[in-house]
Amino acid sequence: MRTSTRLLRTAVTVALAALIAVLGSGAGPAAARPPAAASPVAATAPDGARVVAARQVASRQVDLTVDSPALGTTAQVRLLTPDGWRPGDGRHWPTLWLLHGCCGDYTSWTAMTDVANIPQLRRVLVVMPEAGNTGFYSDWLGDDGSGRAPGWETFHLRELLPILDASYGGGPDRTVAGLSMGGFGALSYAARHPGMFRAAASYSGVADPLETPGGPQNIAAIAAGEGADADALWGDPVTDRAVWAAHDPYTLAPALLRLPVFLSCGDGVAGPYDPPGATSAYETLFLAENQHLAGRLTALGDRRLTTDFYGHGTHSWPYWQRELHRSLPMLLRAMGVSEV
């Protein structure tokens with residue numbers, strides 16, 4: 001009897017010690033684990049671009065550092081990973097590219113919205129790449145102020161995309177969305193690269209940079225505000241009009257007819273998320289551009305266009321978070337992901 005009691009006490013002591021060790025290590029379900037280093041997976045793009053560092057920065061969030069010949073430097077990419085994701089395991093996931101706007105970066109969407117907490121996106125790989133303060137998702141004609149002509153479009157679609165598809169779970173069921181400059185990027189990328197994306201969503205996006213009055217002047221003002229030469233982007237809007245047109249979603253509208261498109265914008269007047277009296281000239285201009293594009297798509301017979309020109313609202317994050325949620329059913333359907 002005494003032997004049995006001693007054995008029982010010993011077993012309990014061992015079990016308690018193991019439990020304390022687990023809780024003390026932070027391995028319990030309620031404990032927060034610190035970010036950990038992750039090893040980059042060996043994969044290179046055709047031009048030699050490669051991931052040189054990977055770091056787990058939060059739950060389901062991995063930051064990659066990519067050495068990019070197209071940029072002549074390294075650039076950052078944040079991945080919001082689906083449940084069960086493992087780099088290099090050969091599995092391919094539905095993939096949403098989520099593009100930031102002017103003066104933002106690859107952390108903007110996770111810092112400013114609830115994207116990391118959307119349940120449906122736990123089945124989707126979300127790609128949030130760096131795009132420069134005013135990179136405009138384009139290969140620049142000249143020096144952007146950094147001493148080089150960066151190739152943002154090449155970096156994203158010819159370097160990063162194949163690396164992600166090869167080693168980080170990217171898949172062909174791919175959609176793209178973005179805000180402001182990133183809204184332009186979503187529309188321009190989808191139109192310029194047929195078959196690459198299955199749907200595009202633009203929130204307060206630059207939908208027609210050649211729109212007059214105001215479109216070219218707006219691009220010039222944005223570039224100048226960040227110390228860049230606007231003519232180094234697509235050249236002069238008059239003498240190099242063909243280059244501008246080759247990136248302009250309005251001009252490229254026929255190429256957008258083959259996929260679902262979501263356009264949203266406010267009118268630049270204080271709305272439900274603004275202080276009284278707030279205004280936004282950007283939003284007012286972008287509403288005109290988006291209405292111009294929507295009108296052309298409709299005239300061309302587009303039957304998959306969705307617009308949410310919601311009236312009062314400025315150029316600000318609460319609206320873009322809301323519009324991400326409003327466009328999500330369309331994006332999920334295009335990726336073959338159920339809404340529940």
Side-chain angles (χ1 to χ4, degrees), residues 99 101-102 134 136-138 153 175-194 197 199-223 230 233-269 271 279-316 319-320 322-324 326-327 330-331:
L99 309 181
C102 166
T134 57
F136 269 96
Y137 298 88
S138 300
E153 185 172 13
T175 60
V176 60
L179 67 97
S180 194
M181 180 182 78
F184 163 83
L187 297 171
S188 183
Y189 278 3
R192 285 170 57 82
H193 299 273
F197 298 99
S202 172
Y203 320 124
S204 304
V206 182
D208 184 6
L210 280 170
E211 165 84 353
T212 56
Q217 293 83 355
N218 173 61
I219 300 296
I222 292 173
L233 174 55
W234 301 316
D236 181 84
V238 177
T239 59
D240 298 298
R241 186 179 179 85
V243 180
W244 282 67
H247 294 84
D248 188 335
Y250 177 84
T251 307
L252 298 172
L256 293 172
L257 293 174
R258 55 185 171 72
L259 75 169
V261 170
F262 180 95
L263 301 175
S264 68
C265 203
D267 62 7
V269 176
T279 61
S280 171
Y282 278 134
E283 197 74 1
T284 302
L285 171 63
F286 296 155
L287 177 60
E289 293 188 11
N290 278 271
Q291 289 174 332
H292 197 208
L293 174 58
R296 184 163 193 223
L297 288 170
T298 300
L300 289 170
D302 195 322
R303 299 184 182 279
R304 291 185 289 179
L305 171 66
T306 301
T307 61
D308 186 16
F309 300 143
Y310 44 83
H312 293 343
T314 61
H315 203 65
S316 54
Y319 298 100
W320 302 328
R322 185 186 69 186
E323 295 308 300
L324 171 62
R326 288 181 175 178
S327 64
M330 180 204 78
L331 295 168

Is a side-chain donor or acceptor of [X] paired with a backbone partner of [Y] at a separation under 3.5 angstrom?
X: Arg304; Y: Leu257; value: yes
X: Arg326; Y: Asp308; value: no
X: Glu153; Y: Ser138; value: no
X: Ser188; Y: Gly185; value: no
X: Asn218; Y: Gly214; value: no

Report the relative orientation of the aromatic rings in [X] and [Y]; use parallel for angles under 30°, tilted for 30 to 60°, perpendicular for over 60°.
X: Tyr310; Y: Tyr319; value: parallel
X: Trp234; Y: His247; value: parallel
X: His193; Y: Tyr189; value: perpendicular

Taking the side chain as every heavy atom from C-beta outward, state whether [X] and [Y] have any pair of such atoms under 4.5 Å apart.
X: Thr306; Y: Leu263; result: no
X: Asp267; Y: Phe309; result: no
X: Thr279; Y: Thr314; result: no
X: Val206; Y: Ile219; result: yes

Please find the pair of heavy atoms, one from [X] and one from [Y], that lie closest to each other, and give the distance.
X: Val176; Y: Ala190; result: CG1-CB, 4.4 Å
X: Leu252; Y: Arg192; result: CD1-CG, 3.7 Å
X: Gly266; Y: Leu287; result: O-CB, 3.3 Å
X: Gly178; Y: Ala186; result: N-CB, 4.0 Å
X: Cys102; Y: Ile222; result: SG-CG2, 3.6 Å
X: His315; Y: Ser280; result: CB-OG, 3.3 Å

Do Tyr137 and Phe184 have their ring centres less than 6.0 Å from each other? no
Rounded to the nearest 0.5 Å, what separation is found between the [atom1] atom of [X] and the [atom2] atom of [Y]?
X: Phe286; Y: Thr284; atom1: CZ; atom2: OG1; value: 10.0 Å
X: Gln217; Y: Leu285; atom1: CD; atom2: CG; value: 9.0 Å
X: Asn290; Y: Asp208; atom1: CG; atom2: CG; value: 9.5 Å
X: Asp248; Y: Glu289; atom1: CG; atom2: CD; value: 8.0 Å
X: Cys265; Y: Leu179; atom1: SG; atom2: CG; value: 11.5 Å

Does the pair Asp302 and Leu256 meet the rule for a side chain to side chain contact (heavy atoms under 4.5 Å, CB included), with working shown? CA-CA 9 Å; Asp302 195 322; Leu256 293 172; 5.5 Å; no
Within 45 degrees of the axis of the six-membered ring of Tyr250 and under 6.0 Å from its centre: does Arg296 put its NZ or CZ there? yes
Ser180 versus Tyr203, side-chain donor and acceptor atoms under 3.5 Å: no
Determine whether the side chains of Ser204 and Glu283 contain a donor N or O and an acceptor N or O closer than 3.5 Å. yes
Set out, in order, the CA-CA distance, both residues' side-chain angles and the distance that settles side chain to side chain contact (heavy atoms under 4.5 Å, CB included) for Asp236 and Trp244, then state yes or no. CA-CA 8 Å; Asp236 181 84; Trp244 282 67; 5.9 Å; no
Decide yes or no on side chain to side chain contact (heavy atoms under 4.5 Å, CB included) for Phe197 and Thr175, but give the supporting numbers first. CA-CA 5 Å; Phe197 298 99; Thr175 60; 5.6 Å; no
